[in-house]
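This report refers to the structure that appears directly beneath it.
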Amino acid sequence: MRRLRARTGATMAASMIAVFAWSLAEEPEPTAVSEQAEVRLVQVDVSVIDPKGSSYRSVEGLSLEQFEIRLDGRELSDEQREALRFDPICAAADGEILPAAAPRPIIALVDFNYLDGQGRADVARAIETLADRGAEEGPDEQLIYKIYGFTRQLTPLTDGFTSDPALLARAARLVRETAWRSKPADPPRRGPSAFADPPDAGAESDVPSSDDEPLVDAQELAGFDILESVQSLLETARLSDFWGDARSEYRASASLAAIEMMLRAHGALSGRKILVLFSSEAFAFSQRDRLEQETAAITELARQGFAIWTVDAAGLMRERTGRSSLISLLAQDTGGGSVRNTSALDRAFDGAAEQLSCYYLFSLPVAARPEKDESWQLSVRLDTDRYPELWGYRIVAPSRISVPERKKVLDGRRLAGLLSPEDFRDPPVAVTVDFPTRRGERRVLPVRLRVPLRELRWRRAEQGVAARLLADAVIERLDERGVDLVCQLGAEKTGELELRLARAPRADERAALAIELPCVIKRDGLFSARGVVTDLADERVGAGHSTVFVGRPRGESWQVFTPRVEAASGRDLFWGPGLETPVRDRQRRVWRAVDERSPAEPDDRVALSYVLCGPDASGAGEELKHLLARLGADGSVVELRSFQPDAFSLSAGQADEGPFCAAARVGVAELTLGAGRYAFAVANAAMPADALRPLLQRHIETRSRGERLPEGILALSPFTIAAP
C-alpha cells in the first residue's frame, strides 16, 4: 500500500556487482538481450451510447471514418493517423466477438471492512447468481472474472481470471464463510476509529449456507488459540487475514489504496476493464474537501481503460439514510455506475458486462520522456457532418490521456506486486520464509526471493552480459487483532542490484539468483512474506508469497506446521547481507519449493522441511517416524522406507527439555532418487508399519483437496522427480 512504513529492518550494501565465467565447451550468442524503447502505446476505449436506450452497451457497427480525433485541439498528423489502430470490440447478437476474440475482464473487490454478515451473504448470493447462470447457459468464455477480498491486504478468491461456474461458486462460498451472526458495529462518520465486537463464540450463524459447506468455526473468529487454529489457518492461508475482521480498524484511505493497487496490478491488460467494488455507504470521508485529493491517483489510473462500479451491499437493509459521496465519485469520475437500494447486487455484474459488450478501442503510439509525466488533451467526437444519422448519440471517453513518469509507474507496479503478488508472475519469483535463527540477542527471520536466471533480460556489457534488478519484501505478523507490519525490506535499503555473467543463460538453464533479506522479529505468530523482483531492463515485475509459523506451544502433543518439500541444486547464485557479490551455492544451502507442478531433478538434494512443536526436543527423533514412499502411476504405495533417527535434524539452539518449536528437516542426498512420484510422511513412532501403508495410500491423492489427515499421521507431502 502507498503508506507502508518499516518498523525494523537490516542495513544492506548499496549495490552488488558480480562477474562469473561459465565453463562450457561452446559459447552461444547471448539470448533475450533487449534495448530500452521510449515509445509507449496509449489505448483509449470509447463508447457511443444511444440516449433513447437503457443499455450501457455501445452502438455497434461504426468505422474509424465516422470518428474525429484531436490531440491538444489539433487533428492527427498523417504519421499519427497511419500509426493509429482502431478495433471494434463488440459482441454480436449470437455472442460472436468481432473482429477477433477479446477477453472482457471484470475484477470484483469485496471490501470486508465495510460489510456486515448480511452484506457478505448478499455479495455471496450475487456471485452465486453468476455461477448458476454459467452452469445453466454455459459460461461466456470471453467474459472473465477475478474476485478479491480485502481487509488489510488483498486476498484472491479465484485463481486468476475465470469463467468457470465451479470456481465462481467457490469464491461465493469463501465470501459466505466469513459471515457471522453478530453484526459488526457501524463505523462512525466522525471521531475515533471503531472496532467491531467479536461474535459470540457459542452462537450459531443464521446466515444460510450449503449443507456440505459449513461456515467458518465461530471460535476461530472470536479468539486466536495458536495450537487449535493455526493448522486450519495454514491450510486456508489465502483467507488468513479474515479472522481479524471483527476487530479491524475502518479506514477509508486503506480501502482506497487497495483500489489503487488493483488498478495498477491490471493496468497492463489491453482494452477496457471493469472494477466492481462491493462496499457500503459507510465507506466515506467526513471531510468532503478530501475527496478529490484522496481519489486523484485512482482517477488518473482509471484513464488507462478502467470503469468502476460501486455497490452498496447493505442495499435495502441499510440503517443510515445518507449517501456516500465517495462511492458516488468513484463511479462518476471513471465512467462506471452505482447500484444502491436493492438486494439484487448482481445488477452490477450485468451493467459491467453490458459496458464491456461493445466499445471501440483506439491505440496510438506516443513518444514519452521517461523522466517526466506526459499528458495530452484528447477529443473524440462523431463526424455528424458527413454522417448525420449519428446525431444525438453520446460519446463516453476519457478527456485526457497521460503517460506518467517511468519511475512513478514502476514504483506503483512494485507496490501493487507487494499487495497482490498473484497478479505479477513475470519473471516468476519464489518466496521462502525460513524458521528464525539467532544472531546474538536477536531473532532473525530469513526471507529469500528466488528468480531463475533464464527469466531475466540480459543486456550486453563489458565482459559479458548484465541484468539490473530491484528487490522488495514486506513481512507481516498475523494475530488475533489482524495484520501487523514487521519489516519492509528491499530497494530503499539495497539500492539497484546488478548481476554480470560471461554469457546469457540458455533457455534450459536451471540456475537462479537467491536474494536473502533478513527481518528481525520479537514476537511469535504466523508470519507472512510477500516479495517482488523488478527487472529494470524491461520493467517486468514478478512477485511471490509465503508463510511460516513461529510459536511456543502449550501441551504435550507433537505437531507439524507448514510442511514443504524442498530441493537444493547447487547451481544457484546466493546473495545476502555481508556478501559483496553473489556466490555459487556449492554447499547447497539455497532451497526451493517442490511440488507436483515444479518437480525436482535427480541431481538435486531433496528434503522435507517443517516446523515441529512438541514436549521434548531430545526425544523428537525417537517419538516421530519419518517415511519416504515411492508411488505407482495410480497413487499406490509401491515402496516404503523409514529414516533412521540420526537422519532427522532440528535447528540449533533449542533446549533439550520442555515444550519447544523448531525447524526440522529430513532429506535424501542427490542422485538417490530416480524419476517418478514420491511422498514424504511424518507419523507417530507408535503407529505400526502395517497400519501406515493403507492410510498413506488412501490420503496421498485426497490431501491436495484439503482432507484432514488421520490421527497419527502428522504430515504428508507428495512430490515428483523429473526425468533427466
Point-to-point distance, once rounded to the nearest 0.5 Å, from [atom1] of [X] to [atom2] of [Y]:
X	Y	atom1	atom2	result
Tyr148	Asp111	OH	CG	15.0 Å
Arg530	Thr547	CZ	OG1	12.0 Å
Glu300	Leu263	CD	CG	11.5 Å
Thr162	Asp164	OG1	CG	4.5 Å
Trp591	Asp572	CH2	CG	11.5 Å
Tyr359	Asp45	OH	CG	6.5 Å

May I ask you to decide if [Y]'s main-chain N or O and [X]'s side chain share a donor-acceptor pair within less than 3.5 Å?
X	Y	result
Arg272	Gln355	yes
Arg588	Ala568	yes
Glu177	Leu174	no
Arg477	Asp524	yes
Asp585	Val590	yes
Thr178	Val175	yes
Thr720	Pro599	no
Arg120	Leu115	yes
Trp458	Leu453	yes
Arg448	Val431	no

Can you confirm whether [X] sits close enough to [Y] that some side-chain heavy atom of one is under 4.5 Å from a side-chain heavy atom of the other?
X	Y	result
Leu364	Val44	no
Arg450	Thr432	no
Val550	Phe527	yes
Phe306	Met262	no
Met261	Phe150	no
Val548	Ser546	no
Leu469	Leu513	yes
Leu275	His266	no

Inset, instruction - Classify the angle between the aromatic ring planes of Phe283 and Tyr114 as parallel (below 30°), tilted (30 to 60°) or perpendicular (above 60°). - result: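 Aromatic pair Phe283/Tyr114 classed tilted.
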Inset, instruction - Look at the rings of Phe349 and Tyr145 and say which category their plane angle falls in: under 30° parallel, 30 to 60° tilted, over 60° perpendicular. - result: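 Phe349 and Tyr145: perpendicular rings.
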List the atom of [X], the atom of [Y], and the distance in Å for their closest heavy-atom pair.
X	Y	value
Leu356	Arg104	O-CD, 3.2 Å
Ile259	Ile308	CG2-CD1, 4.2 Å
Ile106	Ala353	CD1-N, 4.0 Å
Val486	Val520	CG1-O, 3.9 Å
Ala507	Arg454	O-CD, 3.0 Å
Phe424	Val541	CB-O, 3.4 Å

Legend entry - salt bridge (Lys or Arg N to Asp or Glu O under 4.0 Å) evaluation trace for Asp604 with Arg592: CA-CA 10 Å; Asp604 287 341; Arg592 73 179 191 276; 2.7 Å; yes
Legend entry - Option passing side-chain contact (heavy atoms from CB on, under 4.5 Å) with Val447 (candidates Ile515, Leu489, Ile475, Val474): Ile475
Inset, instruction - Check the pair Arg571 / Glu509 against salt bridge (Lys or Arg N to Asp or Glu O under 4.0 Å), numbers first and verdict last. - result: CA-CA 10 Å; Arg571 296 179 291 270; Glu509 213 95 54; over 6 Å; no
Inset, instruction - Taking only Lys NZ, Arg NE, NH1 and NH2, and the carboxylate oxygens of Asp or Glu, determine whether Arg510 and Glu601 approach each other closer than 4.0 Å. - result: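 Looking at Glu601 together with Arg510, the answer is yes, because their closest N to O distance falls below 4.0 Å.
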Legend entry - By salt bridge (charged side-chain N to carboxylate O under 4.0 Å, His left out) - contacts of Arg540 (at least two apart): Asp426, Asp535, Asp538
Legend entry - Derivation and outcome, side chain to side chain contact (heavy atoms under 4.5 Å, CB included), residues Ser528 and His545: CA-CA 7 Å; Ser528 170; His545 174 266; 2.9 Å; yes
Legend entry - CA sep, side-chain torsions, deciding dist, call: Asp472, Leu415, side chain to side chain contact (heavy atoms under 4.5 Å, CB included): CA-CA 9 Å; Asp472 300 272; Leu415 287 173; over 6 Å; no
Inset, instruction - Take Glu516 and Arg589 through the salt bridge (Lys or Arg N to Asp or Glu O under 4.0 Å) test and state the conclusion after the steps. - result: CA-CA 12 Å; Glu516 186 170 283; Arg589 62 177 177 176; over 6 Å; no
